[in-house]
Colleague: 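Dumping the structure here so I can ask a few things about it.
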Amino acid sequence: VLDSLAELTRPHYADSISTALSPACRLCVHLLHAGRYPELYEVLEAKDDGSRPEILAEDGHAYELWPFFRDPTLDVPDSCYDMTAWLRPRARLSAISWKGPVLELSGRAYIERLGGSPSNTSVVLRKRDIGTELIFPTEATAAPHRDPAGDDSAPDRTVASFSARIDVQTAENEGLLTDGLWDIYARLEQEGLLLETRLGGNRDHDVDSDHWLRLVHGTSDVSVATVYHTMNFGNITLDLCPDFNWLTHNNSCLSFKDGH
């Protein structure tokens, strides 16, 4: 039966299918096609016991350590164990407010399935539809710690607490941030891995979900900066509009725009 299954699936097993599978399934298919049926049964038994294997982070990749990883007698490629695309960075917004032209925010972050906490966290502004990217360093506000108030699906994680300051007057080439929508991300670095996630959809209960206006003066112009939560997912976006008088009559900058 396994021989027939291998022959039936081998011609149709494209790279696009392989990358869509979890590491355990990818490994099982490789062993099936290689005719390694005893090893296949061993992997299936390990999968059925419900425990999750450890993760090895190495050279920008994360590997799920199922049986036979780098076993010289089998020569299974590392790609069968690669779960980098399955890792999920998590960030929780703790506070956000204006202090003059500076947007101050703080939060907590971790990468699912990895032990420890991110070695470096930064906040990224990315201009929607254009992709212009501005990176702001963060400061650690506490030592990495267990966080029972974190993501409800994964409580009691080791997280890194961080804070960041975005000066809208000098954010872009030492000048006023250009007009448009700037989506805000948390970028996490840990053990050679670099992952990012939108910020704001996961937030503490006391974080205000309304929008916040700030009139910002540049060298030769004035913009209205609005921070708001997107309608679809509740993530935070910074909206720069050029003309305050036009804004007060048109009011379009205050609408809750679609976003991610």
Colleague: Which pair of heavy atoms, one from Ala91 and one from Ala186, lies closest together, and at what distance?
Modeller: CB-CB, 3.8 Å
Colleague: Are Tyr110 and Leu56 co-members of a hydrophobic cluster defined by side-chain heavy atoms under 4.5 Å apart?
Modeller: no
Colleague: Apply side chain to side chain contact (heavy atoms under 4.5 Å, CB included) to Leu32 and Leu5, showing your working.
Modeller: CA-CA 8 Å; Leu32 173 69; Leu5 181 61; 4.0 Å; yes
Colleague: For the pair Glu133 and Arg187, find out whether any cationic side-chain nitrogen is under 4.0 Å from an anionic carboxylate oxygen.
Modeller: yes
Colleague: Between Ile166 and Ile130, is there shared hydrophobic-cluster membership here, with clusters defined by ILVMFWY side-chain heavy atoms closer than 4.5 Å?
Modeller: no
Colleague: Do Met83 and His61 come within less than 4.5 Å of each other through their side chains, counting heavy atoms only?
Modeller: no
Colleague: Test Leu181 against Tyr228 for side chain to side chain contact (heavy atoms under 4.5 Å, CB included), laying out the working first.
Modeller: CA-CA 10 Å; Leu181 297 175; Tyr228 70 93; 3.7 Å; yes
Colleague: Just so I know, are the side chains of His30 and Tyr13 near enough to count as touching, which here means a heavy-atom distance under 4.5 Å?
Modeller: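 They are not in contact (no side-chain heavy atoms under 4.5 Å apart), so the answer is no.
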Colleague: Would you mind checking if Arg52 and Glu64 are paired as a salt bridge, meaning a charged N to carboxylate O distance below 4.0 Å?
Modeller: no
Colleague: Which atom pair, heavy atoms only, marks the closest approach of Ala164 to Val123?
Modeller: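 Reported closest heavy-atom pair: CB-CG2, 3.6 Å.
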Colleague: Identify which one of Thr132, Leu103, Ile135, Leu134 satisfies the side chain to side chain contact (heavy atoms under 4.5 Å, CB included) criterion when paired with Leu125.
Modeller: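 Looking at Thr132, Leu103, Ile135, Leu134, the match for Leu125 under the side chain to side chain contact (heavy atoms under 4.5 Å, CB included) is Leu134.
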Colleague: Are Leu240 and Val168 side-chain neighbours, meaning at least one heavy-atom pair lies under 4.5 Å?
Modeller: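 In contact.
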Colleague: Is it the case that the side chains of Ser163 and Glu139 hold a donor-acceptor pair, with the cut-off being a distance below 3.5 Å and no angle test?
Modeller: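 Per modelled atom types, Glu139 and Ser163 side chains form no pair under 3.5 Å.
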Colleague: How long is the gap from CG on Asp167 to OG1 on Thr170, to the nearest 0.5 Å?
Modeller: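 Interatomic distance, Asp167 CG to Thr170 OG1, rounded to 0.5 Å: 3.5 Å.
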Colleague: Can you say whether the rings of Tyr63 and Phe69 are parallel (under 30°), tilted (30 to 60°) or perpendicular (over 60°)?
Modeller: tilted
Colleague: Distance from Cys28 atom SG to Trp66 atom CH2, nearest 0.5 Å?
Modeller: 8.0 Å
Colleague: With no hydrogens and no angle check, do the side chains of Asn235 and Tyr185 hold a donor and an acceptor under 3.5 Å apart?
Modeller: no
Colleague: For Ser94, does its backbone N or O pair with a side-chain atom of Ser106 as donor and acceptor, under 3.5 Å?
Modeller: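 It does not hold such a pair.
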Colleague: Indicate yes or no: at least one non-hydrogen side-chain atom of Tyr81 is less than 4.5 angstrom from one of Val76.
Modeller: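 Tyr81 vs Val76: side chains touch.
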Colleague: Is there a path of hydrophobic side-chain contacts, each under 4.5 Å between heavy atoms of I, L, V, M, F, W or Y residues, that connects Ile55 with Trp86?
Modeller: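 As far as the 4.5 Å side-chain criterion goes, Trp86 and Ile55 are connected within one cluster.
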Colleague: Against Thr237, only a single residue in Thr230, Ile184, Thr226, Leu199 fulfils side chain to side chain contact (heavy atoms under 4.5 Å, CB included); can you say which?
Modeller: Thr230
Colleague: Looking at CD of Gln190 and CG of Leu87, how far apart are the two atoms once the value is rounded to the nearest 0.5 Å?
Modeller: 9.5 Å
Colleague: If we ignore angles and hydrogens, is there a donor and acceptor under 3.5 Å between the side chains of Asp82 and Thr84?
Modeller: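 Asp82 vs Thr84: donor-acceptor pair found between side chains.
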Colleague: For side chain to side chain contact (heavy atoms under 4.5 Å, CB included), just list the numbers for Phe162 and Leu105, CA-CA rounded to whole Å, side-chain angles, deciding distance to a tenth of an Å, and then say yes or no.
Modeller: CA-CA 9 Å; Phe162 65 90; Leu105 52 87; 4.3 Å; yes
Colleague: Can you measure from NZ (Lys127) to CG (Asp183) and round to the nearest 0.5 angstrom?
Modeller: 12.0 Å
Colleague: Is the shortest distance from a Lys or Arg side-chain nitrogen in Glu58 or Arg70 to a carboxylate oxygen in the other one below 4.0 Å?
Modeller: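 Result for this pair is yes, salt bridge flagged.
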Colleague: When you measure from the side chain of Glu172 to the backbone of Thr178, do you find a donor-acceptor pair of N or O atoms at a distance under 3.5 Å?
Modeller: yes
Colleague: Side chain to side chain contact (heavy atoms under 4.5 Å, CB included), that's the test. Do Glu39 and Phe68 meet it? Break it down for me.
Modeller: CA-CA 8 Å; Glu39 290 84 359; Phe68 313 113; 3.5 Å; yes
Colleague: Which atom names give the shortest non-hydrogen contact between Ala225 and Leu238, and what distance separates them?
Modeller: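 Result for this residue pair: CB-CD1, 4.2 Å.
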Colleague: Between Ser18 and Arg26, which heavy-atom pair has the shortest distance, and what is it?
Modeller: O-NE, 3.0 Å
Colleague: Assigning hydrophobic clusters by single linkage (Ile, Leu, Val, Met, Phe, Trp, Tyr; side-chain heavy-atom cutoff under 4.5 Å), is Leu44 placed with Val29?
Modeller: no
Colleague: Quick one: closest heavy-atom pair of Ala85 and Arg88, and the distance?
Modeller: O-NH1, 2.9 Å
Colleague: Are more than 12 heavy atoms, taken from residues, nucleotides or ligands other than Asp206, located less than 6.0 Å from that residue's CG atom?
Modeller: yes
Colleague: Under 4.5 Å between side-chain heavy atoms, counting indirect links through other Ile/Leu/Val/Met/Phe/Trp/Tyr residues: same cluster for Leu74 and Tyr41 or not?
Modeller: yes
Colleague: Once you round to the nearest 0.5 Å, how far does CG of Leu188 lie from CG of Leu193?
Modeller: 10.5 Å
Colleague: Salt bridge check: are Asp204 and Arg108 linked by an N-O gap of less than 4.0 Å?
Modeller: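 Yes, charged N to carboxylate O under 4.0 Å.
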Colleague: Over all heavy atoms of both residues, which pair between Arg203 and Gly234 is shortest? Give the atoms and the distance, please.
Modeller: NH1-O, 3.2 Å
Colleague: Are there more than 12 heavy atoms of other residues, nucleotides or ligands under 6.0 Å from atom CG of Asp71?
Modeller: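 It does: Asp71 CG has more than 12 such atoms within range.
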Colleague: What I'd like to find out is whether the side chain of Tyr37 reaches to under 4.5 Å of the side chain of Leu31, using heavy atoms alone.
Modeller: no
Colleague: Is it true that Glu196 and Arg126 make a salt bridge, defined as a side-chain N closer than 4.0 Å to a carboxylate O?
Modeller: yes
Colleague: Quick one: CG on Leu177 to CH2 on Trp182, what's the gap to the nearest 0.5 Å?
Modeller: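 Leu177 CG to Trp182 CH2: 5.0 Å, rounded to 0.5 Å.
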Colleague: For a quick check under 3.5 Å, do His33 and Thr9 share a side-chain donor-acceptor pair by atom type?
Modeller: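 Checked: His33/Thr9 side chains pair up, N/O donor to acceptor below 3.5 Å.
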